[in-house]
Amino acid sequence: AAAGGGAEAASPLRVNLIDSPGHVDFCSEVSSAVRLSDGALLVVDVVEGVCVQTAAVLRQAWDEGVTPLLVLNKMDRLVAEL
């Protein structure tokens with residue numbers, strides 16, 4: 001705590017986003033991106049579902065000690081098609 005009991009100034013936070021393709025042809029780029037990251041957003045299209053490459057990307061993240069956050073995309077389209 002700062003002298004006098006005041007709150008310390010918060011240091012700025014920087015967030016860098018790395019957009020890495022999920023296609024199997026780009027697995028080396030995904031691997032590099034995972035190694036540079038502290039966390040990962042894994043976006044899954046709910047209409048297409050989980051693909052083979054989705055599992056491979058998850059495995060790479062876990063192998064590198066990166067905790068992925070699952071994001072379900074196109075939920076509105078899934079409901080519309082029901």
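By the rule that hydrophobic residues join a cluster once side-chain heavy atoms approach within less than 4.5 Å of another member, V50 and V57 end up as members of one cluster. Under the 4.5 Å side-chain contact rule for hydrophobic residues, L70 and W62 share a cluster.
Rounding to the nearest 0.5 Å places CG of L42 at 6.0 Å from OG1 of T54.
Judged as a side-chain contact (heavy atoms from CB on, under 4.5 Å), and not counting sequence neighbours, the contacts of N73 are V43. Applying the side-chain contact (heavy atoms from CB on, under 4.5 Å) rule to L36 yields the partners I18; only residues at least two apart in sequence or on another chain are considered. Partners of D63 by salt bridge (Lys or Arg N to Asp or Glu O under 4.0 Å), not counting sequence neighbours: none found.
Nearest heavy atoms, Q60 versus V34: O-CG1, 3.8 Å.
The stretch residues 47-60 participates, sequence neighbours left out, in no salt bridge (charged side-chain N to carboxylate O under 4.0 Å, His left out) pair at all. Counting only residues at least two apart or in different chains, salt bridge (charged side-chain N to carboxylate O under 4.0 Å, His left out) contacts with residues 30-45 comprise R35-E64, D45-K74.
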